[in-house]
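Here the structure is a predicted model, which is why all the values come from computation and not from measurement.
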Amino acid sequence: MMVGKKKYQPIDYEKRFNFKIIGQRDGMVFFPRYDPKTGKEVLEGAKDVRIIFDSSISHALDGRNDVIYVWDLSRDRGKIAGGKATDRLETDRLIKRSDKIKAERDALQKQIDALNKEYNEVNSRIDELQSN
């Protein structure tokens with residue numbers, strides 16, 4: 001995705017897009033909402049958004065130029081920011097992110113528990129050696 005002169009890579013996508021597309025395929029691709037360097041909204045002040053598909057994604061496009069879709073945000077600004085569909089997409093994205101964070105937190109908690117156990121064992125051994 002290109003917004004102005006900045007290029008953004010997808011942060012998540014449905015894994016069925018890992019293969020060349022034959023026919024039609026529906027699915028979701030998620031791009032960052034905020035710029036990782038500045039923290040500002042990606043679409044803030046943007047005039048247009050370009051989605052660029054590599055020509056190698058489909059046999060029908062082999063040997064041709066990349067496919068580029070352009071959205072003129074200056075005309076669609078009011079339509080992008082609302083509606084039930086937008087809320088549902090944002091909710092789905094947040095649920096997926098929440099699941100990833102929970103999994104990371106659980107993995108870190110296991111590491112912390114293992115370190116605490118080892119720490120307690122070392123301290124108890126130190127106490128045992130000092131009491132002798």
Side-chain angles (χ1 to χ4, degrees):
M1 176 174 81
M2 300 257 328
V3 179
K5 294 182 181 183
K6 291 186 179 181
K7 187 174 186 178
Y8 297 95
Q9 297 295 325
I11 54 174
D12 195 13
Y13 63 94
E14 294 188 38
K15 300 308 178 211
R16 61 181 144 184
F17 291 133
N18 282 344
F19 308 99
K20 283 194 173 192
I21 297 173
I22 299 174
Q24 182 176 341
R25 187 157 306 158
D26 293 332
M28 303 292 288
V29 177
F30 297 94
F31 290 94
R33 184 172 181 164
Y34 300 97
D35 188 299
K37 292 181 182 177
T38 64
K40 293 182 182 178
E41 278 198 37
V42 170
L43 298 180
E44 186 177 314
K47 295 180 182 177
D48 62 39
V49 173
R50 293 179 299 275
I51 303 291
I52 303 167
F53 293 98
D54 192 303
S55 62
S56 66
I57 66 166
S58 173
H59 298 292
L61 298 175
D62 279 348
R64 297 184 182 179
N65 293 333
D66 294 345
V67 177
I68 302 173
Y69 291 97
V70 180
W71 282 270
D72 183 0
L73 297 179
S74 63
R75 294 183 186 173
D76 290 339
R77 183 61 75 191
K79 296 178 186 174
I80 289 176
K84 290 181 182 179
T86 303
D87 293 345
R88 195 171 305 130
L89 289 173
E90 179 72 3
T91 301
D92 289 345
R93 184 189 70 77
L94 291 172
I95 288 171
K96 283 184 179 183
R97 181 68 183 139
S98 175
D99 291 344
K100 284 183 179 182
I101 291 171
K102 184 180 181 300
E104 288 178 24
R105 183 187 66 190
D106 292 346
L108 290 173
Q109 187 61 47
K110 286 180 183 179
Q111 288 179 352
I112 289 171
D113 292 344
L115 288 172
N116 282 338
K117 181 180 176 186
E118 184 178 357
Y119 178 78
N120 290 335
E121 289 172 357
V122 167
N123 280 338
S124 66
R125 180 65 180 145
I126 290 171
D127 291 343
E128 183 181 314
L129 291 172
Q130 286 180 347
S131 65
N132 289 337

- Side-chain donor or acceptor of Ser98 paired with backbone N/O of Leu94 under 3.5 Å: no
Supply the atom-to-atom distance [X] [atom1] to [Y] [atom2], rounded to the nearest 0.5 angstrom.
{"X": "Asp48", "Y": "Asp72", "atom1": "CG", "atom2": "CG", "value": "7.0 Å"}
{"X": "Glu90", "Y": "Ile95", "atom1": "CD", "atom2": "CD1", "value": "10.5 Å"}
{"X": "Leu108", "Y": "Ile101", "atom1": "CG", "atom2": "CD1", "value": "11.5 Å"}
{"X": "Ile11", "Y": "Lys100", "atom1": "CD1", "atom2": "NZ", "value": "7.5 Å"}
{"X": "Arg50", "Y": "Met1", "atom1": "CZ", "atom2": "CE", "value": "11.0 Å"}
{"X": "Lys7", "Y": "Ile52", "atom1": "NZ", "atom2": "CD1", "value": "6.5 Å"}

- At their closest point, which heavy atom of Pro32 faces which heavy atom of Val42, and how far apart are they? O-CG2, 3.5 Å
- Task: For side-chain contact (heavy atoms from CB on, under 4.5 Å), just list the numbers for Phe31 and Ile51, CA-CA rounded to whole Å, side-chain angles, deciding distance to a tenth of an Å, and then say yes or no.
- Result: CA-CA 10 Å; Phe31 290 94; Ile51 303 291; 4.1 Å; yes
- Under a 4.5 Å side-chain heavy-atom rule over Ile, Leu, Val, Met, Phe, Trp and Tyr, are Tyr119 and Leu115 clustered together? no
- Salt bridge between Lys102 and Asp106, side-chain N to carboxylate O under 4.0 Å? yes
- Please list all pairs passing the salt bridge (charged side-chain N to carboxylate O under 4.0 Å, His left out) test where one or both residues lie in residues 107-127, with sequence neighbours left out. Arg125-Glu128
